[in-house]
Structures are given as C-alpha cells and as structure tokens.
Number of protein chains: 2
Amino acid sequence: MTKRTYSISELSEEFGITPRTLRYYEDEALIAPKREGQARIYSTSDRARLIWILRGKRVGFSITDIREVLNMHYGEGGKEEQCRVTITACNNRIKSLEQQKKDIDETLEELSNLVDTMTIFMAENYPEDNIL
Amino acid sequence: MTKRTYSISELSEEFGITPRTLRYYEDEALIAPKREGQARIYSTSDRARLIWILRGKRVGFSITDIREVLNMHYGEGGKEEQCRVTITACNNRIKSLEQQKKDIDETLEELSNLVDTMTIFMAENYPEDNIL
DNA sequence: TTCTTGGTTGACCTTTACGTAAAGGGTAAC
DNA sequence: GTTACCCTTTACGTAAAGGTCAACCAAGAA
C-alpha cells in the first residue's frame, strides 16, 4: 500500500504537462485531490486517474468523454438502469475505437507506401546519398 | 476514367458534412475545386482528397497536419532535401500512429473489462433481466 | 415577373483546452 | 526582514474548427 503523495509540480513534471492543466482538469471534475491548507496534494489513485485522462486524450477523447468514462468506472453502478446505460455507452466507445484502429491502419499503409516510393525515387535520383 | 463531378451539396451530403466545412477546407488550402462561374465543382480526385482529409480527422490529425501530408503526396518531390524532410516527417507520423494504436488497445481492454464486470454485476443483482 | 432552389461571400459567434498574466499566501534560507 | 520558491485564485486571451446568419446572384418553374 504505497501511501505516496505528489505535489502539483511533481505530477506535472512527471507527465510533461503544466500545473495549469492539472487545475483545469480539477475544474472539469476529472480529478479531486485532497488539500493541505490551500495546496493540492495528489494521491496514487489521483495519479492513476491522470494516466487514464492522458491516455484518453491521446486516443482523441474530449474532456467530457473522459469524465464520462471515469464516472463509469468510479460512479456508483448501483441502479439498474444506470448500469444498462453505462454498458451501452461503453460498447459505443468500443465500436468507435475499433473504427479508429481501422482508420489508423489505412493511414499507416498510405504513409508507408509514400515513404517507399520516395525512398526508391531518392535511390534512383541521388544514389550517392546512401539512405540505409 | 470516371469524369464525374460533384456539387458542394452532393459531396457534403455524401460525407455528412456541411458545405461550410468544404469551403473552410478550401480556405485552408486542402482542396481546390474548379469553378463553373462562381460555383465550385469537385472532381473525383477532389473527392479522393476529401476522403483522406476526413480519415485524417478521425485519427486525430489537425488541419495543418492534413495539409502537410497532402502536400507530401501531391507536392513536387523534386528537390533532394525536400524529399529527405518529407520522409522523416512521414516516419514521425507513423511512429505516433503506432503509439496511438497501443493507446487504443489499452483503452479497449479497460473498457471491455468494465463491461464484463458490469455485466456480471447485472446478472447477479438483476437476474430476471436477461442480458443476452 | 415573381418565386424557389442552390449556390456565393463575408462577418461574427461558439466551443474546447488550455496559456498567460496579475496579485497574493506560506514557509524556509540568508 | 527580505529573498526565493512553490503554491493559490481570478480572469482575460487564444487557436482550431467550424456554426450561423445576412445579403446577394443566377437559373428554372409557375
């Protein structure tokens, strides 16, 4: 049970974001660190949430999307209807992520084709420059 | 050799975007349809560019990113240095897309875990509602 | 001729995700 | 005490990607 805590600048440096960003996420109710006086103090579980947030951003989730997913995770899944809603929301996200993977694969193929053609072109026209 | 052409509304309806969006892409130099008087008239190759643009957006490219890639594709790859720059730019994009795929896979796993837990929870607490 | 339909430009509006001061509190070192 | 550092809040600024609205043109239908 690691009881480590983090200051705002520790956390922001670790993940390459600014303190402003962390405060913004708090405004948007994505994280809720404890306070020590005025100062924010982040727990390991706050840190875990942050990791989720940042990965969410990298896959193109909006702040609202991320809040939704975090709420799914930590929210009281008590009520039946709420559960059902959450499950279908998840499934929708899953579908769109799978579409996104397809898009990425297609883009990757086009990009690597482009690289190939250009590499060949270079090899033909400027053979003196060894690309390898 | 399909010499079809498209009006702005045809194209926007086909892809579920507004004419405004197409005009905006033109302002941003992503497409350059011919004109018939004032009216824009899009060729099949304009349409192909549009497909690229929209897929680019879905994988999180910005307008600037997309312009860059389109220029790589259609730009004169003549000069040597330019080629080299283009190739490394492509490779950078490829790397980041691969990272993005990893992120997506991780997110997918967490989401499907979440769905699983909730489904089990539902089955235990509300067995009368058949989820299958 | 007037009306509708579909196109045009231009101008301003909106949302998202922060950046960037401005002004100040708390404590530790000098 | 004051300097330095890290933290705070409040608040306005900004870039991206369009939305929205007004005013206009042109061609065909009624």
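Bear in mind that the values here come from a model prediction, so they are computed numbers and not experimental data. Chain naming here is simple, since letters A, B, ... match the order of the sequence lines and numbering starts at 1 in each.
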Pairs where residues 110-124 of chain A contributes a residue and the test salt bridge (Lys or Arg N to Asp or Glu O under 4.0 Å) is met, not counting sequence neighbours: A:E110-B:R55

Under 4.0 Å protein heavy-atom contact, by nucleotide of nucleotides 4-18 of chain D - B base, S sugar-phosphate only: --SSBB-------BB

Contacts of type side-chain contact (heavy atoms from CB on, under 4.5 Å), residue A:N113, not counting sequence neighbours: A:E109

Set of side-chain contact (heavy atoms from CB on, under 4.5 Å) partners for A:L54, sequence neighbours left out: A:F15, A:I17, A:Y25, A:L50, A:R58

side-chain hydrogen bond (donor to acceptor under 3.5 Å, both in side chains) partners for B:E26, two or more places apart: B:R35, B:R40

Pairing residues for A:K101 by the side-chain hydrogen bond (donor to acceptor under 3.5 Å, both in side chains) criterion, not counting sequence neighbours: B:D105

Separation of atom CD in B:E36 from atom P in D:dA27, rounded to whole Å: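 Rounded to the whole Å, the gap is 11 Å.
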
